[in-house]
Amino acid sequence: MAQVETKGLTKLFGGVNAVDNIDLMTQEGEFLVLLGPSGCGKTTLLRMIAGLEEPTSGEVLIGGRVVTNQPPRVRNIAMVFQSYALYPHMTVFKNIAFPLQTRGMKKDDVRKKVEWAAGMFGIGKLLDRKPRELSGGERQRVAIARAMVRNPSIFLLDEPLSNLDAKLRTSAREELQQFQKRVGITTLYVTHDQVEAMGLGDRIVVMNKGRVRQIGVPREVYQKPADTFVASFLGSPPMNLIEWGHLLMGFRPEHFLPVEVKASNAESNVVRFEFEVTWVEDLGSDRLVYGDIGHQCAHRHVISKIPANVGVFIEGGKTYSFAVAREDLRFFDRETGLHTDTTPL
């Protein structure tokens, strides 16, 4: 295991800061997720750590050793790309064995190592097949097995599940997390999918426009966003944000519920809203209720997320009393978008 650290890491492309002065440190054995929209700089950051991209300025350290100007082969890292990059003319066995053979490892040792990796990922029966004969999930396992036979100190993953269908992504996430915990290798994982980030990461690094907006454990990043970008990027649907005096008030849709549901809360512990419902979307496990609220602010469009086990009848074209517990309210500066502890209620 090893730590990865970046100090003031910056990458310019034509005068544009793709990665802007990032300071970051992993913990040993940590699963750290880099999360953000397309073009936010997360893949560029990962490629600089891997040695595939040269920084404009700053340093990369692996295991406390500066490796900024060293090639990938001496960094003892393994990287899996979105495309998997398997050799189509080679069997699964030869694909996994290739990095060992290039190191001059003995044939018997190569076979033992390949069989070990194949057994770990449940692909032992696929060793004689070509990549074109495999499903997307099987190709993903082969790519990871090929990376792992090298015994890397750092594991870098660039959206490795994005080519899989939704059902397969769910099972692949579980397999990947269990594997990482078992081997304990420090892992950096790039994704734009917040479900992957929340489910996989020990911590999440939320990025936008080349900068880190927040670092924290999944629950902290979700419940206590550092700014309006994090608040609106995480969550499906995202956090509701409405003008409230000189601030923005935020609350998650699942916290915005009919007053009957909040009946156990003391009146002083909730904030009520008159909610004019325009549309109800029944998703089975929950209902998304769309509409507008007024109450001490200009009318604003908001969303409520009501679990299926809450039987309160709601229909479009009517107004209902909804409430949010005060402890679930978040406030942000309207100019900077940053979270503030100021509570005007």
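Annotation: Arg73, atom CZ; neighbour count of heavy atoms from other residues, nucleotides and ligands within 6.0 Å does not exceed 12. Within 6.0 Å of atom NZ in Lys209, 12 or fewer heavy atoms from other residues, nucleotides or ligands are found, so the atom counts as exposed in its surroundings. Residue-environment remark: NZ (Lys181) exceeds the threshold of 12 foreign heavy atoms within 6.0 Å.
If you chain together hydrophobic residues whose side chains sit under 4.5 Å apart, Met25 and Leu45 never meet in one group. Put simply, Met207 and Leu156 are part of the same group of oily side chains (I, L, V, M, F, W, Y) that touch within less than 4.5 Å, one to the next.
The shortest side-chain heavy-atom distance between Val33 and Arg203 does not fall under the 4.5 Å cut-off. Side-chain contact check for Val92 versus Pro131: every heavy-atom pair is 4.5 Å or farther apart. Side-chain contact between Pro238 and Phe233: absent, with no pair of heavy atoms (C-beta onward) separated by less than 4.5 Å. Residues His255 and Gln223 are in side-chain contact: their nearest non-hydrogen atoms beyond the backbone lie under 4.5 Å apart. Contact of the Leu9 side chain with the Asn21 side chain is not registered, since no non-hydrogen atoms from C-beta on lie closer than 4.5 Å.
To the nearest 0.5 Å, the span separating CG on Leu34 from CD on Glu159 amounts to 10.5 Å. The OG atom of Ser321 sits 13.5 Å away from atom CG of Leu257, with the distance rounded to the nearest 0.5 Å. For the atom pair NZ of Lys106 and CG of Leu100, the computed distance is 14.5 Å after rounding to the nearest 0.5 Å. Note that CG of Leu61 is 9.0 Å distant from OG1 of Thr6, once rounded to the nearest 0.5 Å.
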> Would Arg47 and Glu53 count as a salt bridge (Lys or Arg N to Asp or Glu O under 4.0 Å) if you check the C-alpha gap in whole Å, the side-chain angles of each, and the deciding distance to 0.1 Å?
Replying inline: CA-CA 5 Å; Arg47 287 175 62 84; Glu53 200 77 58; 3.4 Å; yes

>> Assess the residue pair Val4 and Ile49 against the criterion (side chain to side chain contact (heavy atoms under 4.5 Å, CB included)); give the C-alpha distance rounded to whole Å, side-chain angles, the decisive distance to 0.1 Å, and a yes or no.
In response: CA-CA 8 Å; Val4 176; Ile49 293 170; 3.9 Å; yes

> Does the pair Arg211 and Ile22 meet the rule for a side chain to side chain contact (heavy atoms under 4.5 Å, CB included), with working shown?
Replying inline: CA-CA 7 Å; Arg211 294 188 173 185; Ile22 288 184; 5.9 Å; no

> Given the rule in the salt bridge (Lys or Arg N to Asp or Glu O under 4.0 Å) test, do Arg173 and Glu196 qualify, once you have shown the distances and angles that lead to the verdict?
Replying inline: CA-CA 7 Å; Arg173 280 201 307 271; Glu196 283 185 14; 5.1 Å; no

> Can Val277 and Ile314 be said to form a side chain to side chain contact (heavy atoms under 4.5 Å, CB included), step by step?
Replying inline: CA-CA 8 Å; Val277 175; Ile314 304 288; 3.9 Å; yes

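By the ring-ring contact (aromatic ring centres under 6.0 Å, His included) test, Phe93 pairs with no residue at all, sequence neighbours left out.
In this structure, Phe256 has its ring center under 6.0 Å from that of Phe251.
Residues in residues 7-34 take part in these ring pair (Phe, Tyr, Trp, His ring centres under 6.0 Å) pairs, two or more places apart or across chains: Phe31-Tyr189.
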